[in-house]
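Structure, as structure tokens:
Numbers restart at 1 for each chain; the letters A, B, ... are given by sequence-line order, proteins then strands.
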Amino acid sequence: MPELPEVETVVRDLRAAGIEGQRVLRARVRTADVIGAPHPRRFAACIAGCTITAIRRRGKYIVLALSSGDTLLVHLRMTGRLRFRSPGEPWAAHEHVSLVLHDGRELRYQDTRRFGRWHLLDDAAPVLERLGPEPLDAHFTAARFGALLACRTRQIKPLLLDQRVIAGLGNIYADEALWDAGLHPERPAASLGARDAQRLLRSIRKVLRRGLSGLGTTLGRGQTHFYSVAGRRGRNQGRLRVFRRTGRPCPRCGTPIARLKVAQRSTHICPRCQRPVQDRH
DNA sequence: GCCCTTTCCTGGAAGC
DNA sequence: TGCTTCCAGGAAAGGG
């Protein structure tokens, strides 16, 4: 499940593999519905001959700037993966798009569940501007975060998963951050005080940086789990404190981790460290 | 505008 | 063992 640390790992891998400066000789689209815009034929026609001038991440989007002025947005959603293949290598299972590069490699997109989308846009700003602030951006202060929470009646966890509020968090890092901050996921956002907001932002940054340094989280094996461009598993799964650790002791107090549903999403908490309402007992 | 529910999709786990 | 059922997840659409 690629979230901010996993997408950033993919972007860094692609940059290290020399994607910037590569000219796309042609695009091959095997599964039309993976191309969100424009029509797959037009997509292939527009991208052919373009040079990839820069790659970056915004939220969970991979953002590729092209010499034509267009922007290619790739969202991996649940099971999307990018990898390099040798020229003309047959399609593997669940491979949907291929960019044939001028140095001979093919950048292939594989996505078992086909939730991911590619968008080729002349102006990506309307999509990217819908996203909330980057949690690791130094300009995003605790005061700004507190202000975002103060006017929301929603529960804090679904709010953290809302990309319009804050960009890049998914189920894993939201659970980890709430545990780290000692906050119950069902707390109404507006019930958090300034100090809670400050602590939560600090925890969000801590778990994201830990995920980044571990090159992402890979919870299982097989086609539905995260692998970087180099086909490498992440190492952060061994550092998770609550996510998918139901019944195992809380690293802080030893209480068994509980699993509950919050806004339809499986959620992992320590029932002792994360109380629904603040009490001092 | 905000919030909640539903939908998309398929491998793999769980249940019988 | 083999079959069926259900769950996992991010984001967008639709409804209140």
Handout entry: d(CG, A:Asp33; P, B:dC8) in whole Å
Key = 13 Å
Practice task
Answer yes or no for A:Arg245 and A:Trp179: cation-pi contact, defined as NZ/CZ to six-membered ring centre under 6.0 Å and angle to ring axis within 45°.
Solution key: no
Practice task
Measure the distance from CG on A:Asp111 to C1' on B:dG11 and round it to the nearest whole Å.
Solution key: 13 Å
Exercise for the section: Output yes when A:Arg57 and A:Glu8 qualify as a salt bridge under the 4.0 Å nitrogen-oxygen rule, no when they do not. Expected result: yes
Handout entry: A:Arg113 side chain to A:Thr79 backbone, donor-acceptor under 3.5 Å
Key = no
Handout entry: Side-chain ion pair, A:Glu134 and A:Arg58, N-O less than 4.0 Å
Key = yes
Completion exercise
From CD of A:Gln110 across to P of B:dT10 the rounded distance in Å is 14 Å
Completion exercise
What residues 146-159 of chain A contributes to the DNA chain B interface at heavy-atom separation below 4.0 Å is A:Arg152, A:Thr153, A:Arg154
Problem - Sugar-phosphate or base contact per nucleotide [nucleotides 9-16 of chain C; S, B, -; heavy atom under 4.0 Å] - result: BBBS----
Handout entry: Salt-bridge present (A:Asp180, A:Arg241; N to O < 4.0 Å)
Key = no
Handout entry: For atom CG of A:Asp162 and atom P of B:dC3, their distance in whole Å
Key = 9 Å
Practice task
Using a strict 4.0 Å threshold on nitrogen-to-oxygen distance, state whether A:Asp175 and A:Lys157 make a salt bridge.
Solution key: yes
Fill in the blank from the handout: DNA chain B nearest-nucleotide lookup for A:Arg117 and A:Ala263: closer to the 5′ end is A:Ala263
Handout entry: Salt bridge flag under 4.0 Å for residues A:Arg199 and A:Asp196
Key = yes
Problem - A:Thr217-A:Arg233 side chain donor-acceptor pair, cut-off 3.5 Å - result: no
Practice task
Report the residue (A:Arg164 or A:Arg114) whose heavy-atom-nearest nucleotide on DNA chain B is the more 5′ of the two.
Solution key: A:Arg164
Problem - SB check A:Arg232 A:Asp13 (cutoff 4.0 Å) - result: yes
Practice task
Using a cut-off of strictly less than 4.0 Å, decide whether A:His225 has a side-chain nitrogen or oxygen near OP1 or OP2 of B:dG12.
Solution key: no
Handout entry: For the student: nearest non-hydrogen atoms of A:Pro38 and A:Phe43, plus distance
Key = CG-N, 3.7 Å
Practice task
Flag the pair A:Met78 / A:Phe226 as yes when at least one side-chain heavy-atom distance between them is below 4.5 Å, and no otherwise.
Solution key: no
Fill in the blank from the handout: Rounded to 10°, the helix from B:dC2-C:dG16 to B:dC16-C:dG2 deviates from straight, judged by its five-pair end axes, by 50°
